[in-house]
Amino acid sequence: MSDNNEVRVRFAPSPTGDLHVGGARTALFNWLYARKHGGTFVLRIEDTDEQRSNEESLEGILEALTWLGLEWDEGPIQQADRLELYSDYVSLLMSSGHAYYCFASNDSIEEARNAAQESGENWIYRGADRDLSADEVREKLEEELPHTVRFKVPSEESIVVNDIVHGDVTFETENIEDFVLLRSDERPTYHLSNVVDDIQMGITHVIRGADHVSNTPKQILVYKALEANVPLFAHLPLILGPDQKRLSKRHGATSINIFRNKGYLPGAVVNYLALLGWSPGDDREVFTVPDLIREFTLERVNSSNAVFDVAKLGWMNGQYISQVPAGELRLSIREALQIRGCWQEELDMERRDFFFALIELWQSRSRTINDLADNVTPFLSEAFAYQPDALKEHIHSKDLLGGVQALREALMQVDPWAADEIEGTLREVAAGLDMEAASLIHALRLALTGKKVSPGLFEVVEMMDREKTRSRIDRLLRYLKKLADARDKRETQMARA
RNA sequence: GGCCCCAUCGUCUAGCCUGGCCCAGGACACCGCCCUCUCAAGGCGGAGACACGGGUUCAAAUCCCGUUGGGGCUACCA
């Protein structure tokens, strides 16, 4: 804290819902900036709105940040716990003549504003109570008239926001109304608490969404009135839905915890998010976190809004799933299998090698942990059905029954039980019966997995072990016999008729 | 309405500041081919963009102006 050059940034969510991708991206950029510069990342909870803030949201946000690996150095500091601080600052502003009690009712201001809107006139609120004498104010206060405290916005002044992303943005104070600092319930508004905390916490860089650009001149006014240093700003482009509208629930899953539940990996989410609004300037796209920390700069953040593309996130996640060592996937897959009810403790003990081999078999074919868990299920449980499309496509030849029977006998003799041996045996059987190897392969795949797609069949057979292979082939044989019987019956009926 | 921001393939973007190397590069998605027992992965190839109009200049995706479009703010929400 003593170092003057220390970078101090913060992520300041309001706990009114889940952490969405937009908030997560803001948190990430702050975190990256702090880590890159050896600075401090503060987590502050902006919960001054009593109505909308809630505890579950706060917990969800902390959970999501932790899952993403964006650990904070200070906090979480909740604004609701330090309300006196803001009142103190208001007193300061009051005594320096920068703020005033406003006794005008919300309704009356609203009315005037609407009237102005309708007549097409550009109307900015300037409180009449600015000019109340000290006696008049005391009198009204004694009467306990409801009031707010507003900032006395100066006239004819240009406020320049120096933004790292957008450059200088100039606002005229005549377009800024006397905004509320303290509500009638004496709780601070965002404009007050945000600035007070940023001053108080020594925040050097305010990195937040571009939806705050227009608020910034108001805040700069407060900094100046308080004679505090104005931090540097970086307003990040907004993240939009596929319809170019602001991202919201109706665009589907955008909350970080939902991605987590769907089996996305935090590294992939972080990597994808880093690329929304930032790029390294060359063609690289897959970054480890240390790489991101090294490469990240605010100067390379771009200024136009970005559409959130789940398909690309899915691709990114697939990249991560297929590249991460099986051991690192173990825990999350276990969790997914437990949910599916087919986890067995020995997969983490004596059958761990098998479990890892199974993971490796499916890694490049799965886009999420949940996909992977689904894919692995037939190897762990007998409870699977033959998929109709697989039956339709591969179970039609009448000779299949004999072929599968022969294959069963031959397979029981295979030694060692290894993919190469199994393949050799199957091809011999097919050649002996003058069948396409493919038709036996497809039948065997159906027998073992119930599906028409899987990794290389011979690896699958090897993974299944001899006993499981035998029982599943038997299951298929029973099915094929039933089919054959039904066919015979039909044929005799036809012959009779 | 007012104020502010933004504008390159469907999407994320490189290039723009410091004009020429760009009849615009990469990635996702899409299509085709290869590999192959299927599906992924991987490899190879294809289609696909400088919003529009004016300037400035020998030369503009790049600079300037305007138009259009999108977004944000305009709360006693943050």
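Keep in mind that the numbers below use all heavy atoms, side chains included, and drop hydrogens, waters and symmetry copies. Labels below follow one simple rule: chain letters A, B, ... track the order of the sequence lines, proteins then strands, and each chain is numbered from 1.
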Nucleotide nearest S304(A) when distance is taken to its side chain, options rG72(B), rA75(B), rC6(B): rC6(B)

Ring-face cation contact, F384(A) with R472(A), 6.0 Å cut, 45° max: no

Counter-base of rC21(B), judged by Watson-Crick or G-U geometry with both distances under 3.5 Å: none

Watson-Crick or G-U wobble mate for rG1(B), both contacts under 3.5 Å: rU74(B)

Candidate nucleotides rC5(B), rC28(B), rG42(B), ranked by approach to the side chain of V169(A) - the nearest: rC5(B)

Derivation and outcome, salt bridge (Lys or Arg N to Asp or Glu O under 4.0 Å), residues K140(A) and E143(A): CA-CA 5 Å; K140(A) 284 173 187 281; E143(A) 283 177 52; over 6 Å; no

Nearest-neighbour nucleotide for the R300(A) side chain, rC12(B), rG15(B), rC37(B) considered: rG15(B)

Atom P, compared across rC39(B) and rC33(B): separation rounded to whole Å: 12 Å

Sugar-phosphate only, base, or nothing, as touched by R187(A) at under 4.0 Å among non-hydrogen atoms: nothing

Nearest-nucleotide pick for F458(A), side chain only, options being rG70(B), rC76(B), rC37(B): rC37(B)

Nucleotide nearest K245(A) when distance is taken to its side chain, options rA40(B), rC6(B), rG71(B): rG71(B)

Sugar-phosphate, base or nothing in reach of Y272(A), heavy atoms under 4.0 Å: nothing

Side chain of R367(A) - closest among rC28(B), rG71(B), rC4(B): rC28(B)

Sugar-phosphate, base or nothing in reach of R44(A), heavy atoms under 4.0 Å: nothing

Passing candidate, side chain to side chain donor-acceptor pair (under 3.5 Å) with E177(A), options R150(A), R113(A), K218(A): R113(A)

Rounded distance (Å) that lies between atom P of rG42(B) and atom CD of Q323(A): 8 Å

Q319(A) side-chain N/O to rG42(B) phosphate OP1/OP2 under 4.0 Å: yes

Of the listed nucleotides rA27(B), rG26(B), rC76(B), the one nearest the side chain of W315(A): rA27(B)

Sugar-phosphate, base or nothing in reach of S366(A), heavy atoms under 4.0 Å: nothing

Closest listed nucleotide, where the reference is the side chain of R246(A) and the choices are rG1(B), rC73(B), rG26(B): rC73(B)

Ring center gap for Y272(A) and F308(A) short of 6.0 angstrom: yes

Integer angstrom distance from the C1' of rG20(B) to that of rC28(B): 32 Å

Distance, nearest 0.5 Å, that separates OG of S454(A) from CG of L444(A): 9.0 Å

Passing option when V270(A) is tested against L275(A), T288(A), L68(A), L265(A) for side chain to side chain contact (heavy atoms under 4.5 Å, CB included): L68(A)

K218(A), nearest nucleotide to its side chain (from rU74(B), rC4(B), rC28(B)): rU74(B)

H442(A) side-chain proximity, nearest of rC6(B), rC37(B), rC73(B): rC37(B)

Which residue lies more 5' along RNA chain B, comparing A210(A) with T48(A) via nearest heavy atoms: A210(A)

Sugar-phosphate only, base, or nothing, as touched by N215(A) at under 4.0 Å among non-hydrogen atoms: base

P-based separation of rC4(B) from rC65(B) [nearest Å]: 14 Å

Sugar-phosphate, base or nothing in reach of S454(A), heavy atoms under 4.0 Å: base

P-based separation of rG19(B) from rC12(B) [nearest Å]: 28 Å

Nearest-nucleotide 5' precedence on RNA chain B, L457(A) against D47(A): L457(A)

Complementary nucleotide of rA27(B), counting Watson-Crick and G-U pairs under 3.5 Å: rU11(B)

Same-atom distance (C1') from rG70(B) to rC76(B), integer angstrom: 31 Å

Sugar-phosphate, base or nothing in reach of P217(A), heavy atoms under 4.0 Å: nothing

Sugar-phosphate, base or nothing in reach of N106(A), heavy atoms under 4.0 Å: base

Watson-Crick or G-U wobble mate for rC44(B), both contacts under 3.5 Å: rG32(B)

Rounded distance in Å between the P positions of rA27(B) and rA47(B): 15 Å

Separation between the P atoms of rG25(B) and rC50(B), rounded to whole Å: 13 Å

rG55(B) versus rU62(B) - spacing of their P atoms, nearest Å: 15 Å

Nearest-0.5 Å distance, NZ of residue K152(A) to CG of residue D178(A): 9.0 Å

Sugar-phosphate, base or nothing in reach of S184(A), heavy atoms under 4.0 Å: base

